[in-house]
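Report on the following structure.
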There are 2 protein chains.
Amino acid sequence: MTAATEPGRATRRRGDALLDAIYAAVMEELAEVGYPALSIERVAERARTGKASIYRRWPTRLDLVLGAIDHVMPRLDDVPDTGNIRDDLLLVLRRIGAVMGSRNGIAARACVDGTDDELARAVRERLIPPRKEMMLALLHRAAGRGEINADAVTQRIAETGPMLLHGELLQRGVITDAAISEIVDEVLLPLLRA
Amino acid sequence: MTAATEPGRATRRRGDALLDAIYAAVMEELAEVGYPALSIERVAERARTGKASIYRRWPTRLDLVLGAIDHVMPRLDDVPDTGNIRDDLLLVLRRIGAVMGSRNGIAARACVDGTDDELARAVRERLIPPRKEMMLALLHRAAGRGEINADAVTQRIAETGPMLLHGELLQRGVITDAAISEIVDEVLLPLLRA
DNA sequence: ATTGTAAGAAACGCAACCGTTCCTTATGGT
DNA sequence: ACCATAAGGAACGGTTGCGTTTCTTACAAT
């Protein structure tokens with residue numbers, strides 16, 4: 001009847017197009033109400049699909065949410081290497097901060113900080129170790145160059161940057177560039193050179 | 001008919017006894033399902049009272065929750081003063097850590113970390129500034145004694161200890177004494193003496 | 001002992017979700 | 001052009017929570 005590409009009327013999607021829409025809807029719901037209050041019904045409505053298409057694919061709410069996080073959270077790829085520890089730190093913290101502050105980051109945080117232990121553990125295991133490894137790689141390289149004290153490269157200090165970013169977001173609601181510089185210059189670098 | 005102090009049958013409470021029961025029930029619910037999924041119905045059931053007694057007192061869910069937090073979270077009283085910055089830090093972080101890890105601490109964290117901005121802001125404003133002031137008081141005294149570098153006593157560093165405790169709880173689920181010692185000896189003291 | 005107050009319990013109509021089923025028709029593959 | 005597949009929608013009965021109302025009765029104050 002009407003043209004296939006009518007504006008208001010979304011055409012019927014399959015495969016990845018549909019998956020993407022559902023995953024996006026899950027992240028939005030997570031960010032807004034968190035996991036315990038997330039309802040399949042609203043996810044379906046948001047993704048402009050039916051509940052059946054969701055129940056057909058995921059047996060439980062937990063599977064759906066973990067699927068969404070796996071699909072949507074950026075795998076971090078290249079470790080920055082400017083040849084300068086300060087610039088490396090600024091880059092990596094800015095990148096982590098940007099992810100944390102994004103809509104998907106807020107959704108993921110709602111899971112990590114949330115009240116469901118199983119979900120929190122699963123999401124933590126996915127997101128935290130890679131960031132920590134990245135920090136450690138960076139610090140080891142700097143120690144090799146003699147820029148920082150090799151004894152200061154510990155698990156604890158590798159965690160400190162991301163933890164402070166997280167705290168910053170919790171306390172102030174936003175991660176500014178000034179805050180990142182402060183964390184680097186006032187906390188991390190003094191520690192690494194101690 | 002039966003004796004007034006019959007064991008299984010709780011007698012009808014008024015005033016503070018009832019208030020305490022309701023507030024405790026709110027904190028339990030917060031810790032288990034968080035704010036968006038907290039229902040007045042379950043709070044009433046948990047407190048062994050009726051919904052009417054709750055609606056009679058608090059106009060909204062938010063008022064109820066804030067009331068519970070105000071009533072239940074410990075006001076921190078004396079600033080520790082051992083004459084030694086390391087011991088002061090250990091004491092204060094242990095105290096904060098104990099509160100964070102308690103049932104009420106978990107409930108409060110569910111609010112602070114949660115998805116409701118209004119609630120998160122209100123709870124943050126109640127809990128964070130006093131802790132931060134405590135840290136600052138402690139650090140200023142130590143600087144006065146010449147134990148640490150006066151230039152190192154900044155807002156940021158005063159926040160760092162509690163933030164790392166928070167991160168510790170999120171990542172490992174528990175705050176051990178070993179973790180506190182590590183934070184003090186590996187992060188805070190080196191920074192303060194830099 | 002009497003009396004005002006509010007606790008506790010039950011029920012109201014209403015709305016949101018649950019997880020499932022059924023039907024249609026658009027869509028991609030052949 | 002045909003056809004198997006699954007998307008999109010609607011409706012199912014059941015549960016949970018909403019916020020309010022009503023009633024009985026335990027309690028505290030006098």
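Below, chain A is the first sequence line, B the second, and so on; all start at residue 1.
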Can you see if the side chain of B:Arg13 gets near the phosphate of C:dG8 - specifically, an N or O under 4.0 Å from OP1 or OP2? yes
Please enumerate all residues that pass side chain to side chain donor-acceptor pair (under 3.5 Å) together with A:Thr154, with sequence neighbours excluded. B:Glu186
I'd like to check the salt bridge (charged side-chain N to carboxylate O under 4.0 Å, His left out) partners of A:Arg61; sequence neighbours left out, ordered by chain and number. none
Between the protein and nucleotides 10-14 of chain D, list every N/O to N/O distance that falls short of 3.5 Å.
none

What residues, two or more places apart in sequence or in another chain, satisfy salt bridge (charged side-chain N to carboxylate O under 4.0 Å, His left out) together with B:Arg56? none
Can you tell me how far P of D:dG8 sits from CD of A:Glu45, to the nearest Å? 14 Å
Among residues 55-71 of chain A, which residues get a heavy atom nearer than 4.0 Å to DNA chain C? A:Tyr55
Rounded to the nearest 0.5 Å, what separates atom NE2 in A:His140 from atom CD1 in A:Ile148? 8.5 Å
Going by salt bridge (charged side-chain N to carboxylate O under 4.0 Å, His left out), name the residues that satisfy it together with B:Arg124, two or more places apart in sequence or in a different chain. none
Less than 4.5 Å apart, any side-chain heavy atom of B:Val65 and any of B:Trp58? no
Taking only residues two or more places apart in sequence, or in another chain, which ones meet A:Glu159 in a salt bridge (charged side-chain N to carboxylate O under 4.0 Å, His left out)? A:Lys132, B:Arg172
Of residues 14-29 of chain A, the positions that come close to DNA chain D - non-hydrogen atoms, cut-off under 4.0 Å: A:Arg14, A:Leu18
Could you work out, with side chain to side chain donor-acceptor pair (under 3.5 Å) as the rule, every residue matching B:His71, not counting sequence neighbours? B:Asp20
Gap between atoms CZ and C1', on B:Arg12 and C:dG4 respectively (whole Å): 14 Å
Contacts of B:Ser53 and A:Leu38 projected onto DNA chain C by closest heavy atom; the upstream (5') one is B:Ser53
What integer distance in Å separates B:Glu41:CD from C:dA9:P? 13 Å
Qualifying residues under side chain to side chain donor-acceptor pair (under 3.5 Å), relative to A:Asp185, sequence neighbours excluded: A:Arg86
Going by the rule side chain to side chain donor-acceptor pair (under 3.5 Å), which residues pair with A:Glu133 if we only count those two or more places apart in sequence or in a different chain? none
Once side-chain hydrogen bond (donor to acceptor under 3.5 Å, both in side chains) is applied, what residue pairs with a partner in residues 104-117 of chain A remain, sequence neighbours excluded? A:Asp113-A:His166
Is the phosphate of D:dA7, meaning OP1 or OP2, less than 4.0 Å from a side-chain N or O of A:Thr49? no
